[in-house]
Enquirer: 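Quick one: structure below, then a few questions.
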Amino acid sequence: MSVDFDAVIVGAGFGGMYMLHRLRHKGFTARVFEAGSGVGGTWYWNRYPGARCDVESVQYSYQFSAELEQEWEWTERYATQPEILRYANHVADRFDLRRDIRFETRIAAAVFDETASLWRVETDKGDKVTARFVITAMGCLSSPNTPKIPGLADFKGPTYHTGNWPHEAVDFTGKTVGVIGTGSSAIQSIPIMARQAKHLTVFQRTANYTVPAHNKPLDPEYVRQVKASYREMRQRARTKPAGIDFTINPASAIATPDEERRREFEARWTYGGLGFMASFSDLLLSDESNKTAADFVRSKIREVVKDPATAEALMPKNIIGCKRLCVDTGYWETFNRPNVTLVDISDEPIERVTASGLRAKGKDYGFDCLVLATGFDAMTGALLKVDIRGRGGVALKDKWSEGPKSYLGLTVVGFPNLFTITGPGSPSVLTNMLPSIEQHVDFIADCLETLRAKGVSVIEPVEEAQEAWVGQVGNAANITLRSTCSSWYVGANIPGKPRVFMPYIGGLPAYIAACETVVKNDYEGFALA
Ligand code: NAP
């Protein structure tokens with residue numbers, strides 16, 4: 001039976017773009033469907049003020065093309081959203097990707113036809129196409145979470161969500177603004193909104209840990225050195241659990257004398273960025289060690305924030321690094337501004353949004369604009385919005401009703417020829433996304449090539465292999481403190497979502513080794529037909 005494409009790829013972010021490029025080079029036909037009007041995925045949608053990557057730009061970049069690495073010039077230590085979006089567009093142009101991407105088109109349904117062994121894909125524009133393979137590249141944090149706060153529709157002013165920000169610049173000058181949320185997106189945008197707004201009121205349900213970015217323009221000599229040794233840097237990064245080239249101190253925090261421990265934290269703090277969590281090797285393994293890092297950050301808040309009551313409210317009480325650590329520029333300092341108010345709603349949910357603001361803890365707060373920095377239905381949200389049906393017409397959302405189960409975070413029993421780039425059960429959000437994306441794309445492209453060479457038309461994981469992998473993902477999670485708090489990693493931010501630690505926390509090197517073993521053993525754990 002004839003088929004329209006070898007593969008349908010869902011999403012034209014970094015995953016979808018590279019997938020298209022790799023498949024083309026191997027002589028496969030592919031069509032990408034993308035909801036946005038341009039490429040870039042996360043960086044297309046998240047245009048809120050201050051949005052930038054918290055992984056250093058020279059590392060948060062593709063490595064599949066040495067020419068691309070050499071020709072692209074990053075200008076800052078941490079790239080801004082506009083710069084990353086320019087990079088994504090450059091990649092699309094350089095590799096002539098756009099001709100196979102249908103923009104402003106969402107996949108509505110993908111149904112596996114068991115008789116013909118192909119996927120029937122339908123879009124919201126009414127397209128119907130068939131493909132041997134469906135490859136999702138929909139991002140892990142791409143389905144914005146709008147909380148069901150009563151009265152949200154009553155608000156008369158504009159409401160913005162950080163994860164779906166307007167394309168035209170939003171200027172808060174002279175405006176009063178309310179922000180709900182204090183996660184990464186809020187922590188990046190609050191300092192900038194505070195500089196513009198007449199008054200900014202921040203509604204904080206859970207105080208969060210953040211470390212300074214110490215962002216700066218990139219020194220041309222440093223860039224020259226990086227470009228001269230990109231391969232070595234990428235290779236070192238592949239040996240690190242997070243796929244980021246920074247040095248992990250092998251010592252235990254609690255076993256290190258106080259003075260020396262403080263020096264290490266101070267040095268990491270002064271350097272800035274996520275490497276703070278690599279100050280010691282046991283920060284996510286031992287409560288006591290974790291507390292030393294948490295106390296250090298709390299002491300910094302005390303030093304910076306002048307009003308003792310505000311400082312106290314800003315101090316996170318939970319485990320540092322349990323929720324995703326944030327990286328900021330001037331976040332704590334912002335609460336010293338006379339035009340910024342912090343409202344602690346940790347003990348009582350917001351009562352309701354009103355026409356002119358919101359009501360919390362029995363008090364009315366008025367503002368002109370409302371910003372929802374309320375995060376995402378992470379890892380499974382975007383996937384489950386599509387009606388994906390495998391064998392027997394079973395829907396993925398039913399299959400995952402008790403939480404996602406996958407083989408390697410890439411494939412699902414009952415859903416033949418479906419691949420999920422950075423899907424739940426893979427390291428994804430716990431790593432530098434770019435190398436994780438590239439590793440998945442390479443795995444999938446090589447797999448399709450092998451199947452073609454063998455004359456195999458259907459690949460599907462077997463139940464035992466999937467169960468064993470799910471067991472490994474769970475065991476790895478249980479060793480660390482990361483699975484112990486109410487974070488989006490466990491789906492706790494979405495009411496009713498099953499509580500399962502979704503990403504694989506065993507680290508990128510262990511994950512790559514597992515994938516390589518599967519390939520070496522002739523796609524062990526998969527049934528090929
Ligand atoms: P988030 O971390 O999930 O934060 C959402 C915030 O909204 C939390 O403070 C949450 O409080 C609050 N919230 C949600 N529903 C609420 C409600 N009904 N009432 C009051 N408060 C509510 O989302 P995010 O900041 O968008 O970040 C998500 C992830 O995206 C990050 O962890 C990171 O991985 C990624 N990200 C990365 C960057 C970067 O690279 N620099 C930037 C932005 C985002 P609770 O904590 O109490 O749930």
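The figures here come from the full heavy-atom set of this structure, side chains too, leaving out hydrogens, waters and symmetry mates. Ligands are counted one by one from 1 in listed order, and the atoms in each one are counted from 1 as well.
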Enquirer: Would you call Thr411 and Thr420 a side-chain contact if the rule is heavy atoms closer than 4.5 Å?
Expert: no
Enquirer: Could you pull out every donor-acceptor pair under 3.5 Å between side chains of residues 311-319 and any protein atom, sequence neighbours left out?
Expert:
| from | atom 1 | to | atom 2 | distance (Å) |
| --- | --- | --- | --- | --- |
| Lys317 | NZ | Glu312 | O | 3.3 |
| Lys317 | NZ | Met315 | O | 2.7 |

Enquirer: If you measure from the Lys or Arg side-chain nitrogens to the Asp or Glu carboxylate oxygens, is any gap between Glu73 and Lys227 under 4.0 Å?
Expert: yes
Enquirer: Tell me, which residues have any heavy atom less than 4.0 Å from some atom of ligand 1?
Expert: Tyr48, Arg52, Cys53, Asp54, Leu141, Pro147, Ile180, Gly181, Thr182, Gly183, Ser184, Ser185, Gln188, Arg205, Thr206, Lys323, Arg324, Ile345, Ala373, Thr374, Gly375, Phe376, Trp488
Enquirer: Are Asn432 and Gln59 close enough that a side-chain donor and a side-chain acceptor fall under 3.5 Å?
Expert: no
Enquirer: Compute the centroid of each ring, for His214 and then for Tyr78, and state whether the two points are separated by less than 6.0 Å.
Expert: no
Enquirer: Would you kindly say whether Ser143 and Lys385 are connected by a side-chain donor-acceptor distance under 3.5 Å?
Expert: yes
